[in-house]
Amino acid sequence: DSLNQGLFDLISAGVSAEDSISSLSEAVNLATAGATTTDVAVKALTAAYTSFGKEAGTAREVSEKFFTAQKFGVTTVGALASEFNKVAGIAKTLGVTFDETLAAAAALTNNGAKPTAEAFTELNGVFNAIVKAQSRLKELPPQVAQALSLQNIQTVGLVKALTQANGALDGNIVALQSIIPDQRALS
């Protein structure tokens with residue numbers, strides 16, 4: 001019964017009918033490797049596909065990325081699958097890739113062993129602060145505005161864009177905090 005539901009969920013997330021069986025097989029493999037249920041593994045895949053579509057990768061690649069995030073973070077596939085939707089939509093809007101989103105979550109759980117839910121909440125805060133900052137870019141120094149522009153984030157990635165903004169502010173963390181006030185995830 002859960003396998004039928006898994007097929008339904010994968011197809012609903014945009015996986016073609018012909019690819020749904022192999023995707024479900026990858027979900028079963030992820031469940032086994034990630035010590036979770038097939039339902040949870042399907043949830044991970046559908047979360048990736050719903051927000052990122054084919055940009056997330058094949059079912060095998062997405063499964064491997066979730067497993068890698070579990071491996072390098074202090075988290076589980078189940079926790080990642082459960083929390084990923086907190087940031088997936090806004091990450092996509094910002095141009096932050098699926099890979100970078102998972103990597104950031106893994107790094108946050110590993111850095112000080114923050115719980116996965118807290119890591120995703122912090123990422124969501126940073127993403128929202130960056131979205132809000134877009135309306136104020138013209139008020140910022142040109143190099144800072146360029147670094148935090150959506151175009152730059154989409155081109156160089158979130159981490160490099162934040163590094164560029166920090167560099168343009170000569171490492172003045174107080175100034176960066178005034179632009180991106182929710183910086184817990186950046187510490």
Side-chain angles (χ1 to χ4, degrees), residues 10 13-16 19 23 26-27 29-30 33-34 40-111 114 116-134 137 144-168 176 179-180 182-187:
L10 287 164
V15 176
S16 67
D19 290 339
S23 294
E26 291 301 331
N29 292 339
L30 177 59
V40 170
V42 167
K43 183 177 182 178
L45 293 178
T46 59
Y49 289 135
T50 300
S51 294
F52 291 93
K54 293 184 181 196
E55 293 172 34
T58 65
R60 174 171 283 163
E61 291 166 341
V62 170
S63 294
E64 288 171 353
K65 291 170 186 179
F66 270 103
F67 183 75
T68 300
Q70 172 183 284
K71 180 179 172 185
F72 288 103
V74 180
T75 187
T76 65
V77 169
L80 291 165
S82 176
E83 299 295 328
F84 186 74
N85 279 332
K86 281 184 180 177
V87 299
I90 194 165
K92 174 68 173 162
T93 298
L94 283 172
V96 179
T97 66
F98 172 70
D99 295 8
E100 191 172 19
T101 303
L102 274 181
L108 286 170
T109 63
N110 197 19
N111 182 11
K114 293 177 184 176
T116 306
E118 183 180 337
F120 277 104
T121 298
E122 290 180 8
L123 274 178
N124 190 45
V126 169
F127 291 166
N128 278 299
I130 290 170
V131 168
K132 289 176 186 172
Q134 297 305 302
L137 289 182
V144 177
Q146 164 56 30
L148 294 176
S149 72
L150 290 181
Q151 181 181 7
N152 191 53
I153 292 169
Q154 292 166 358
T155 302
V156 303
L158 178 65
V159 173
K160 187 163 185 175
L162 290 171
T163 301
Q164 289 172 346
N166 191 42
L176 190 56
I179 300 165
I180 306 171
D182 193 341
Q183 285 208 3
R184 292 177 298 166
L186 302 178
S187 58

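Side-chain atoms are counted along with the backbone in the values below, which use heavy atoms only and exclude waters and symmetry mates.
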Between [atom1] on residue [X] and [atom2] on residue [Y], distance to nearest 0.5 Å:
X: E61; Y: K54; atom1: CD; atom2: NZ; result: 12.0 Å
X: Q70; Y: L80; atom1: CD; atom2: CG; result: 7.0 Å
X: N85; Y: T50; atom1: CG; atom2: OG1; result: 7.0 Å
X: E122; Y: K86; atom1: CD; atom2: NZ; result: 10.5 Å
X: K160; Y: I153; atom1: NZ; atom2: CD1; result: 13.5 Å
X: R60; Y: S63; atom1: CZ; atom2: OG; result: 9.0 Å

4.5 Å side-chain heavy-atom contact, [X] and [Y]:
X: T93; Y: F127; answer: no
X: L162; Y: I180; answer: yes
X: T163; Y: V156; answer: no
X: T101; Y: F52; answer: yes

With no hydrogens and no angle check, is any side-chain donor or acceptor of [X] less than 3.5 Å from a backbone partner on [Y]?
X: N152; Y: L148; answer: no
X: S51; Y: A48; answer: no
X: E100; Y: L158; answer: yes
X: S82; Y: G78; answer: no
X: K65; Y: A56; answer: yes

What residue among L45, T46, V40 forms side-chain contact (heavy atoms from CB on, under 4.5 Å) with V42?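 That would be T46.
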
On a heavy-atom basis, which atom in [X] and which in [Y] lie closest, and how many Å separate them?
X: V77; Y: G34; answer: CG2-CA, 3.8 Å
X: N110; Y: G73; answer: CB-CA, 4.1 Å
X: T109; Y: A119; answer: CG2-CB, 3.9 Å
X: N124; Y: V87; answer: N-CG1, 3.5 Å

Where does the angle between the aromatic ring planes of F84 and F120 fall among parallel (under 30°), tilted (30 to 60°) and perpendicular (over 60°)?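 Judged by the thresholds at 30° and 60°, the geometry between F84 and F120 is perpendicular.
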
Would you check if the distance from the ring center of F98 to the ring center of F66 is below 6.0 Å?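 Ring-ring flag for F98/F66: true, centres closer than 6.0 Å.
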
Any chance the side chains of S16 and D19 put a donor and an acceptor closer than 3.5 Å?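 On atom types as modelled, these side chains qualify, holding a pair under 3.5 Å.
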
